[in-house]
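For reference, the structure is listed below as structure tokens.
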There are 2 protein chains.
Amino acid sequence: MTTIYDIAKAVGVTQTTVANALAGRHNVSEATRQRILQCAREMGYRPNVLARGLARRKTFSLGFLLPTIANPFYPEIAEEVERVAQQHDYQMLLCNTHYDPALGQQHLERLVSRWVDGLLIMGSSLDITCILPHFQQGLPVVLCDWQENEKPPAVLPQVSTDFRLAGALAARHLLELGHRSIAVIVEEPRHALRLAGFRDTLHEAGLLLELIQQGYSTVESGYAAAKELLARPDRPTAIFTTSDWMALGAMNAIREAGLSIPHDISLLGLDNIQLSAHLHPPLTTIALPKHALARTATELLLRQIEGKQEQSDPILLPPALLVRASTACPSR
Amino acid sequence: MTTIYDIAKAVGVTQTTVANALAGRHNVSEATRQRILQCAREMGYRPNVLARGLARRKTFSLGFLLPTIANPFYPEIAEEVERVAQQHDYQMLLCNTHYDPALGQQHLERLVSRWVDGLLIMGSSLDITCILPHFQQGLPVVLCDWQENEKPPAVLPQVSTDFRLAGALAARHLLELGHRSIAVIVEEPRHALRLAGFRDTLHEAGLLLELIQQGYSTVESGYAAAKELLARPDRPTAIFTTSDWMALGAMNAIREAGLSIPHDISLLGLDNIQLSAHLHPPLTTIALPKHALARTATELLLRQIEGKQEQSDPILLPPALLVRASTACPSR
DNA sequence: TTGAAAGCGCTAACAG
DNA sequence: CTGTTAGCGCTTTCAA
């Protein structure tokens with residue numbers, strides 16, 4: 001473990017000079033600079049980020065907290081967050097809270113003890129009351145895609161998907177295809193905004209949304225909910241599920257009932273997980289702007305860290321309709 | 001930012017005493033200990049992990065390097081690695097190398113500069129030649145699920161799946177069902193061992209593996225490869241794909257050809273990604289022991305870190321056949 | 001252009 | 001039981 005002191009000794013100068021040379025400052029003569037750089041290379045010098053962090057009060061590390069990376073929604077986001085961080089010379093500590101407030105708080109405390117430069121927190125994985133004090137003491141924080149039934153205080157920087165618009169896009173698509181008998185499978189209350197956007201759009205078209213089934217963002221719950229819907233005498237001509245994962249379950253239920261998609265019934269998802277493009281039929285869905293979300297949130301955090309960002313209004317990114325083959329005009 | 005010095009001043013003792021009290025050592029009188037703890041709480045004291053790390057040469061952090069977390073194979077593993085780490089009071093720095101050696105090396109350098117206590121490296125995401133010097137200088141390292149066509153030097157601790165066995169299990173299953181005309185879609189050379197195990201088992205049964213299609217672990221490549229196989233006059237009665245993801249593509253190709261699974265053709269995957277259970281029909285597959293892999297590798301790393309583990313032979317974890325509905329006896 | 005010195009917050013001998 | 005002291009490796013004034 002070579003230190004700048006070792007180099008200084010070897011070259012015959014002081015630590016300060018070595019530090020200056022290594023930092024590329026212009027107050028070192030070209031001759032000594034070369035000798036120092038040379039020597040550093042030979043001795044395999046590697047700056048100590050801990051010591052630097054302690055002295056400069058900056059660690060070039062970010063805390064990234066989420067419910068669980070095993071949820072297929074997050075990996076793509078995590079990848080992008082890490083990419084942006086890396087491009088700015090930061091590294092990322094990944095923390096799964098597993099929706100456990102105690103665990104979340106423990107992680108938070110540790111990150112703060114580590115002097116991470118900022119925190120990116122997704123999906124309501126932490127209590128706001130735990131976050132707020134740290135933010136108020138100057139720790140940069142960005143909240144991303146918070147649970148739809150919670151609204152964090154406006155002081156906290158936020159980046160989110162416009163879930164209400166997502167629901168509206170879904171409804172609009174089905175209406176334009178001519179559907180009038182429409183059902184929804186939704187995870188309430190976590191998907192409250194998607195539902196609200198969907199329902200309101202139907203209302204505007206003079207339709208009442210009556211067929212609502214509760215789901216839990218699992219394939220199985222999508223399957224069970226669809227079963228219920230298909231058993232009704234007034235079977236709907238279209239089903240909107242508030243997540244692609246539930247749509248997969250619904251798809252299986254529909255097939256089992258001997259019905260065909262989209263001929264007998266249209267199916268519309270929301271998320272655009274990788275899989276949806278490869279289902280049979282390929283799933284029409286409302287695509288969430290995952291990459292933009294990750295990038296925007298991370299860049300906002302970095303700007304805060306670098307003091308270039310004082311306040312910011314919550315940022316809302318638009319989803320987009322992605323038409324594939326699981327929706328069509330109703331046949332009856 | 002309260003420090004132990006602040007507390008010491010407030011209570012009227014020295015840093016040492018505060019440190020001892022906080023560390024729960026028994027060389028502090030109950031009275032002063034209480035006053036110290038009380039005061040620490042009131043002042044919102046939070047230990048500084050950087051300073052501690054610098055002094056003790058230990059950071060309670062782990063570097064976790066992988067090709068990309070967006071590959072659906074990794075999130076479950078990352079979750080488990082992080083869980084184990086967390087249970088031992090470690091946090092995890094996640095680094096995607098994107099199969100870019102330069103990027104991988106940059107990450108590695110930074111992690112080393114950060115004095116991480118150990119490195120868990122998956123899927124050949126780094127050049128062995130970059131890793132080795134650090135390991136030899138005492139940095140704990142564990143390699144996990146290395147690329148099958150590379151064999152890292154035995155000195156490096158390794159945990160891997162027994163991919164040869166995985167291939168053998170696949171072959172055995174199809175043979176037992178009575179298949180004699182068997183094809184494989186494989187990503188060579190990265191899945192070399194899976195293929196070898198498969199081929200050898202067929203050989204032992206007196207069969208020559210002749211139908212081999214190259215795939216690239218994407219749905220599309222599985223689709224294209226299956227198309228080729230189905231167009232042959234000697235169409236096989238069973239197809240083994242060396243990843244579930246390719247099986248999904250094959251499934252679509254088979255459906256398009258108007259054939260039914262498993263009646264006309266059996267399909268066998270390998271991985272057991274979440275999705276496979278929900279396909280139509282549910283995919284029979286060779287399940288990889290992801291959790292065991294993550295847990296074993298992390299625990300091995302932690303034991304190295306704590307100096308409880310000198311050397312270890314490469315550990316090989318067994319996969320298991322998971323019979324669902326995509327395989328059956330050949331009908332002709 | 002170079003150096004001396006103090007400090008970041010905590011640990012760890014060792015002495016009293 | 002408590003205190004003194006000397007680091008850990010680097011940054012950052014301020015002098016020379």
Side-chain angles (χ1 to χ4, degrees), chain A residues 1-37 39-40 43-61 89 109-117 137-138, chain B residues 1-37 39-40 43-61 89 109-117 137-138:
Chain A
M1 183 89 299
T2 355
T3 72
I4 52 170
Y5 182 70
D6 298 329
I7 299 177
K9 218 168 35 180
V11 175
V13 294
T14 63
Q15 290 187 60
T16 317
T17 308
V18 176
N20 285 334
L22 258 25
R25 297 199 189 88
H26 295 285
N27 46 5
V28 181
S29 74
E30 193 51 30
T32 50
R33 126 175 277 111
Q34 286 306 334
R35 273 163 53 222
I36 288 169
L37 293 184
C39 183
M43 302 178 72
Y45 171 74
R46 193 183 304 286
N48 180 324
V49 175
L50 289 190
R52 176 178 299 171
L54 188 58
R56 299 212 319 198
R57 307 179 145 271
K58 174 142 178 77
T59 58
F60 285 96
S61 65
D89 295 334
E109 300 287 327
R110 287 194 185 158
L111 290 171
V112 172
S113 278
R114 252 179 222 293
W115 281 15
V116 292
D117 295 330
Q137 281 173 32
Chain B
M1 184 87 303
T2 2
T3 72
I4 53 169
Y5 181 71
D6 299 328
I7 300 177
K9 219 165 38 178
V11 176
V13 292
T14 64
Q15 290 188 57
T16 317
T17 308
V18 175
N20 285 335
L22 257 27
R25 298 201 189 88
H26 295 284
N27 47 4
V28 182
S29 74
E30 194 49 33
T32 49
R33 126 173 275 113
Q34 286 307 333
R35 274 164 54 224
I36 289 169
L37 292 184
C39 184
M43 302 178 74
Y45 171 75
R46 194 182 304 285
N48 180 325
V49 175
L50 290 191
R52 178 177 298 171
L54 189 57
R56 299 213 319 199
R57 308 180 147 269
K58 173 141 178 77
T59 58
F60 284 95
S61 65
D89 296 333
E109 300 287 325
R110 286 194 185 157
L111 290 171
V112 173
S113 278
R114 251 178 223 294
W115 280 15
V116 293
D117 295 328
Q137 282 173 32

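Lettering follows sequence order; numbering is per chain, from 1. Bear in mind that the values here come from a model prediction, so they are computed numbers and not experimental data.
Atom OH in B:Y5 sits about 16 Å away from atom P in D:dA6, given to the nearest Å. Note: CG (A:L54) to P (D:dC8) measures 14 Å, nearest angstrom.
If you check residues 28-37 of chain A against DNA chain C, the residues with a heavy atom closer than 4.0 Å are A:V28, A:S29, A:T32, listed by number.
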Throw together a table of side-chain donor-acceptor distances under 3.5 angstrom for residues 44-56 of chain A, partners on residues two or more places apart or in other chains.
unit_1	atom_1	unit_2	atom_2	d
A:R46	NH1	B:E109	OE1	2.3
A:R46	NH2	B:H134	NE2	3.4
A:N48	OD1	A:L50	N	2.7
A:N48	OD1	A:A51	N	3.0

Listing, residues 12-24 of chain A side-chain donor-acceptor contacts under 3.5 Å, not counting sequence neighbours, or none:
unit_1	atom_1	unit_2	atom_2	d
A:T14	OG1	A:T17	OG1	3.4
A:N20	OD1	A:R25	NH1	2.8
A:N20	ND2	A:T16	O	3.4

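Under 4.0 angstrom from either OP1 or OP2 of D:dG9 there lies no side-chain N or O belonging to A:R46. Residue B:T14 places at least one side-chain N or O closer than 4.0 Å to OP1 or OP2 of D:dG3. In this structure, B:T17 reaches the D:dG3 phosphate: one of its side-chain N or O atoms is under 4.0 Å from OP1 or OP2.
Across its full length, the helix from C:dT1-D:dA16 to C:dG16-D:dC1 shows an angle of 40° between the axes of its 5 terminal pairs at either end, rounded to 10 degrees.
By the side-chain contact (heavy atoms from CB on, under 4.5 Å) test, B:M43 is found to be paired with B:T2, B:D6, B:I7, B:A10, B:C39, residues two or more places apart in sequence or in another chain being considered. Evaluation of the side chain to side chain donor-acceptor pair (under 3.5 Å) rule for A:K58 yields A:Y90, A:D117 as partners, not counting sequence neighbours. Under the side chain to side chain donor-acceptor pair (under 3.5 Å) criterion, B:E30 pairs with B:Q34, not counting sequence neighbours. For the salt bridge (charged side-chain N to carboxylate O under 4.0 Å, His left out) test, no residue two or more places apart in sequence or in another chain qualifies with B:R33. In this structure B:S113 satisfies the side chain to side chain donor-acceptor pair (under 3.5 Å) test with no other residue, sequence neighbours excluded. Scored by the side chain to side chain donor-acceptor pair (under 3.5 Å) test, A:R35 finds no partners at all (sequence neighbours excluded).
Extent of DNA chain C lying under 4.0 Å from chain B heavy atoms, first and last nucleotide in 5' to 3' order, is C:dG9 to C:dA13.
When atom types are taken as modelled, the side chain of A:R57 and the backbone of A:W115 share no donor-acceptor pair closer than 3.5 angstrom.
Using a 4.0 Å heavy-atom cutoff across all strands shown, A:N27 reaches at least one base atom of the nucleic acid.
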Short heteroatom pairs, N/O only, protein and nucleotides 11-14 of chain D, under 3.5 Å:
unit_1	atom_1	unit_2	atom_2	d
D:dT11	OP1	A:R52	NE	2.8

